[in-house]
Every structure is written in structure tokens, then in C-alpha cells.
Amino acid sequence: MTDKTKITLTVNGTGHAIDVAPRKTLADALREDCGLTGTHLGCEHGVCGACTITVDGAPVRSCLMFAVQAEGADIRTVEGLANGPDLSPLQQFFIEEHALQCGFCTPGFLMLIDGTLKQSPDITDDELTEILSSNLCRCTGYRNIIRAARRALDHARTTTEPAA
Amino acid sequence: MRPFDFVRPTSVDEALAAWEDGAAWLGGGTNLVDLMKTGAVAPTRLIDLSRLPGMRGIEVLADGSTRIGALVGNSELANDPDFAGNFPMVAEAILSGASGQIRNAATVAGNVMQHPREAWFHGPASDPLAGDTGKLAVLGTDGAPAAVNPSDFCVPLVALGAVVEIVGPDGTRDIPVADLHRMPTADDPRHTTLTPGELILALRLPPEAAGFAAHSRYLKVRDRTSFAFALTSAAACMRIEDGKIAEARLTLGAVAPRPWRVAEAEDLLKGQTPGPEVFATAAELALDGARAVGGNDWKIDLARRTALRALDMAAAGTPAEMPALPASVFGTQRKEPAHA
């Protein structure tokens, strides 16, 4: 069996040289080996979306991927959204629209929407609903998340300025 | 999860040489990693294919075929404008499957190789009739309880006559996607006809497949309108010339251990004027021989209605833009059909 193997994960632009067994998922490696516990694990079977991060710009389930598969990729997690104490526009809209309550699903939603903002900011409301249907939230009833996402999409299309 | 050997070959020859009994190929991993977590499979060696060269292209070959490399991503294929324009029901099927995050990571070869869901959920040795029997196959099993093939993607691929390019220790071979899946038996638990150690290099759509682009739909009926496997589905397409159907294709999904193409229904439609009566007759024919297993009679009726509606939607024309809710009967904000 392959014992631990040395890999470097590039997370939010920073290299993390870690020693992991091949069977360790990317989500576990981010949390346990890189110390980045913002990525949450809910179902661990690709159903709930809490562990969503972006890999090379695309939102993926980090629980359905081994850490070794992400070697060499540009990995982005919720920790990379804010610039020091300044929240990203999307994070600010989440607060203003009350798009979170308990907050467990929030990192996954933020990364799903952040990836969508960058890939396809021109989507319709129906398309946005379809995209967000991949993640589960048991607190908000989704409407507030949709409103925050809509504001972030509109903001991304119309300005390069940070949110007020 | 059991420990395993991890190897990452950089050529197809190296990959084939790395195969051993108990090994598994790793593409995107979205299905395999989950199967390994549940213990449904426990490979002793994973052969990561991600570094193999020449497997990520979508190209049109000299003979007009479209070749999709095995490692092309599901999202990438469905969002390729040329591909989606030529094979709209294939794109619609992909976009109706799983979720965006899974489609972003999953490969096309991994999609066609995905495991039947009921079988692993209940464990390989369990009684299929002890679980949710509503989703068991109604065709192609001689009445034996069996899981359906869960792939949306494979349904239009079979309708369009796609083939799989395979390489193994004895060289390369092509097989139709229609012959790729099989019902596992007690003696032979394989759910595909591939021999262990064979590797998919690419999928190929024949030149004539793009001829159906103007009238081509995939319709998927599911428990909820997003992120769910099909209860029933149908890929329907036709070429309409001078108001008559010059050629039609009809394949049902989620009714059998493999996509269920219905040549009799296709023959019946040929030469006919598109309309509800002839579509109803074709849909009836499509379910010929269907048998309920464990009380899923509803599935036979639903599949017939799905086939009928898919034919009707295909005749109306491929929408100019992908519906916001692909392959759904509720994706109604259809813009002006491009080919009406």
C-alpha cells in the first residue's frame, strides 16, 4: 500500500507542503493538514454541497476528491474570499440579506456562488435557482441566499469596485 | 476507507502495465470515491488517469465523426458551443444529471462507467426487493429484479449510435455504447461488458448523428426537478423532411440495466407525419414486454408517457437556448424554437 505521500496543495495562492495518505479526501486534507477549517463537511457523499470549493476556477465537491488529485491545481476556499478584515462583496451581501443563520452551509454556498460569478455572471434567475439547488440549507429557506447571490452577480457585472 | 496503492501513469502503455487484479481506474472520482467510502468497492490499487496525454480533446475527425476524449469533463462537453449545437439532446442530458459541482469534476468515461445506484446502496449481497423497488428495471431483465443504468448521458448516446473506443492488453477495439452495459448475474457481477484491465480512450458519435440537431430532446422525470436520478427518461430525435419524419430515434432511460433503444418504434415513425396519434403508438411499442417488479407498475405507464412527451417535444423543435432547468417538463420558459 502507498503510505503517506508528500504533496503540495496550492490553496488561495499559498503552497501547503503536506504528507497525506492517498485515501485522504481533499476536504479532510484542507481541514486537518492545511489547517483551513472554513471548508465544512456535511454528508461526505456529494449530496449536501457544504464542502464546495473551487479547483481551477470550477466549483467542486471536495469530499468526492482525493487530496492527491488536486496536486498542481489552483484551489480556492472560503478563507480566500476576504481581503484581511475586508469582506468580499458576496460575503457582505450575505450579511445584508440575512443569507445565513447557523452558518454551516455558508462556506459551500459562498464558494459555489463565487465560482459562478467568475464563470457565468450573466445567468438568469431561473438558472441561478438551478445552480443553487445543488447545496442544502436548513435554516434560510433559500430566498435570502438567492437575493444575496443575485446582488453579487449584478455587482460583478456592473462594477469592479468592492461593495460599500 | 481501505488503504490502496496510488499510481499516476503518464502514458496509456504505462497505465495498462499498472493494471492488476483488484485495481480501479480513477477519472474524476465523483462516483468511485463515494463507492469506496461506503465500502461497496475496495480497490487495492488506484490508477489515476489524469496525467494521460491526448484524452481531453473534443474533435471532428476526417470522416465527420465527433470524438470526445475519455477525460473531457461533463460540464466542459455540455457547454462546448459546437458540441451542444450539433448534439443538443446530449448536452441537455448531461446538464440534467447530478449537480454542477459533480459535473465539473466528472469525466465522460466515468459517466458511462458509473455504477447502478440501488445495487451499491443496498450492498452487493442484499436482496434488491428489500429496498426501494420503485426504481428497479421493468425491461431487459426477464422479470428478475435489477437496478437500472443511472446515466442520463448514455441515453442520447445510444439513440445516436455512439461507440466507445477501448484499449486493453490485446490492443484496441470499438463497441457501441448500446452494448456496453449489462445486467450483473450471480456468476458475473460486471455491470459492463468491458474486461477488467480495459480502458476507455474516447467516445465517438457517427457523422450522421448531427443530422438530428433541429429536432432533438432529452426529457427526464425525477422525484424533484433538480439533482436527482431519473425515474424515467427518454431521448427522442428526428429528421423532418417535407413535413414527414425521414428518420427517428427513441431511447428510454432508467427502465432497464442499459439504455433501452426501441428500433420497432423508430421504424414505425419513419415516413409518418408527426402527430400525437403516431407518437402514442410509438410510445406504446417502446414499452412492449415491460414487466413490473416489486410493485413498480407505475414506472411502465410513466415511461410510456415520457416517451410520448419526448417525441412531441422533439417534433416541436430544439429550443434556441438550453432551458434553465434542462430536460425537465417544468423548464417551460422556452424561447422561440430555432428550427420550428
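Below, read A as the first sequence line, B as the second, and so on, with proteins coming before strands; counting in each chain starts at 1.
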Can you list the steps and then say if A/D28 with A/R23 is a salt bridge (charged side-chain N to carboxylate O under 4.0 Å, His left out)? CA-CA 10 Å; A/D28 284 340; A/R23 63 177 167 166; over 6 Å; no
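- For B/F4, the parts sitting under 4.5 Å from any heavy atom of chain A are the backbone and the side chain alike.
- Neither the backbone nor the side chain of B/L32 comes within contact range of chain A; no heavy atoms are under 4.5 Å apart.
- What you find for B/L71 and B/S50 is that their closest heavy atoms are CD1-CA, 4.1 Å.
- Counting heavy-atom pairs closer than 4.5 Å to chain A, the top-ranked of the candidates B/I102, B/D48, B/T225 is B/I102.
- In this structure, B/H191 contributes its side chain and B/M113 its backbone to a donor-acceptor pair below 3.5 Å.
- Looking at B/L49, neither its backbone nor its side chain comes within 4.5 Å of chain A, counting heavy atoms on both sides.
- By number of non-hydrogen pairs under 4.5 angstrom with chain A, the leading residue of B/Q101, B/R8, B/R2, B/K37 is B/Q101.
- With a 4.5 angstrom heavy-atom cutoff, A/V68 touches chain B via backbone and side-chain atoms both.
- With a 4.5 angstrom heavy-atom cutoff, A/T25 touches chain B only via side-chain atoms.
- Contacts between A/L112 and chain B at a heavy-atom distance below 4.5 Å involve the side chain alone, from C-beta outward.
- When each of A/G49, A/P59, A/A21, A/C63 is checked for heavy-atom pairs under 4.5 Å with chain B, A/P59 comes out on top.
- Here the shortest heavy-atom pairing between B/G100 and B/S75 reads O-OG, 4.1 Å.
- With a 4.5 angstrom heavy-atom cutoff, A/N135 touches chain B only via side-chain atoms.
- Counting only distance, with no hydrogens or angles, the side chain of B/N31 and the backbone of B/H115 share a donor-acceptor pair below 3.5 Å.
- In this model, no donor atom of one side chain and acceptor atom of the other lie less than 3.5 Å apart for A/Q101 and A/T140.
- Residues A/L9 and A/D33 have side chains not in contact (no heavy-atom distance under 4.5 Å, counting atoms from C-beta outward).
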